[in-house]
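Written below as structure tokens is the structure these notes are about.
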2 protein chains.
Amino acid sequence: MSNVVHSKVTHLYESGETGGKREAILNAALELFTERGFHGTAMPLVAELAGVGAGTIYRYFASKEALVNVLYQYWNEFQLVTITRDVPCDIPLRDQFHIYWQRLVDFAKDYPTAFAFLELHYHAPYLDEKSRAIEERGHNALVGFFEECLRQKIAREASAEILASIVWGAYVGLVRASRNGRFEITPEVIEQSENSCWDAIRR
Amino acid sequence: MSNVVHSKVTHLYESGETGGKREAILNAALELFTERGFHGTAMPLVAELAGVGAGTIYRYFASKEALVNVLYQYWNEFQLVTITRDVPCDIPLRDQFHIYWQRLVDFAKDYPTAFAFLELHYHAPYLDEKSRAIEERGHNALVGFFEECLRQKIAREASAEILASIVWGAYVGLVRASRNGRFEITPEVIEQSENSCWDAIRR
DNA sequence: GGTAGAAGAATGAACGTTCATTCCGCGCCT
DNA sequence: AGGCGCGGAATGAACGTTCATTCTTCTACC
């Protein structure tokens, strides 16, 4: 059913190559948790979509909560690395922002389910300490950028936390609307929204 | 427990004054659905927080789904009316935006739980047609404003849908961050964010 | 190279628990 | 005294999880 997704991101999950069952479970859980929510998804359903027995899941994950936390940590970490890696810090902040925005939109385009999953489970009560920690790391990276904008007097006078929440919120709003079929995210839309967001925070 | 909230919004729910049980159930459900999610909230727990018997809920609501839909419709409608009512259309759009932004922030401040509830259940699969319809009405109202901005050549060249998703996203991001304790929403913050968002969409 | 046997991975029926919902006896108001 | 609204124990379905069993894979020895 979701074999395309499987083959696409299989290599991404750390694994000792046990026949791909762990990956199949993770991909099935990602899909179902995203569409139906954590409490709305029954474990046997995950097993069915993954093409494994119900008991098999518990050979790889201690519990349903452990499963959702592994998913959350994996994708949050992956998102953070994908967006922030190798961004030159010796170019103007406006140009850095261009790179970041492009990568944000690309991530949502390349991994739409993962993006929706992360959004849906943001700050969920069943996330453990490790999930919260990586959540916090991402937030700090975002805020850090705007602090640098403030230091260089490029951003308007507002706390970095506020600028971060506005830009991140706009990003989420944009992707969510496109996911709901409001519009397609074309290169033109990416450029327009990037300029919008930059104008929202620049001095 | 949440008596303050009860006494505050009791009058808002349409009711034939049955002793306030319907309102108590609605308020308890609002609180619990918001904090634990729809599937994560057990009906007996709702009954306990509402201070009624478990069976009593079913005297007022046909099912758990009916309950969440009544809540969603009520608060979405209330939000829409609160934000859009009596806004003069003969003043500059920039001034209209000022009013809208103030009301949006006020709504989130006055009804933080309702705001979080609406955000959490946006586009949830268990929402019925009527809930979707009022969801759509709100969206159209928002988009309509930006269409007028485009007509008057005040907004930058981008589709109204895109401008709407960015501004609404920024609003949600701002409120969510303050809800997570990142900052307080002071009059200064409201003004800064309003200017931010206007600059994001203006020509 | 082929076969026997061990080891561990996978299974899905079964378990105890918890859920949404029902139902019936109690108590309050007239 | 009667009737209506209420509470909370009862109910059956569905949940997350377990475990006895089967299936697969790999090794060792002839």
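Convention: sequence-line order gives letters A, B, ...; per-chain numbering from 1.
Taking atom OH on B:Tyr60 and atom C1' on D:dG7, their separation rounds to 12 Å, with Å as the unit. If you measure from atom NZ of B:Lys64 to atom P of C:dT22, you get 14 Å, rounded to the nearest angstrom. Whole-Å rounding puts the B:Tyr58 OH to D:dG8 P distance at 16 Å. Taking atom CZ of residue A:Arg59 and atom P of nucleotide C:dG12, one finds them 15 Å apart after rounding to whole Å. Between A:Ile57 atom CD1 and D:dT18 atom P there is a gap of 12 Å when expressed in whole angstrom units. Whole-Å rounding puts the B:Met43 CE to C:dT21 P distance at 6 Å. Rounded to a whole Å, the NE2 atom of B:His39 is 10 Å from the P atom of C:dA20. Remark: P of D:dC15 and CD of A:Glu48 are 12 Å apart, rounded to the nearest angstrom.
In this structure, B:Thr56 does not reach the D:dC6 phosphate: none of its side-chain N or O atoms is under 4.0 Å from OP1 or OP2.
Using a 4.0 Å cut-off between charged side-chain N and carboxylate O, B:Arg151 and B:Glu148 make a salt bridge.
We find the OH-CZ distance between B:Tyr126 and B:Phe38 to be 6.0 Å, quoted to the nearest 0.5 Å.
The closest side-chain donor-acceptor pair between B:Tyr72 and B:Glu135 falls under 3.5 angstrom.
Looking at heavy atoms from C-beta onward, B:Phe107 lies out of side-chain contact with B:Leu80 at the 4.5 angstrom threshold.
At the heavy-atom level, B:Ala42 lies under 4.0 Å from the strands shown only through sugar-phosphate atoms.
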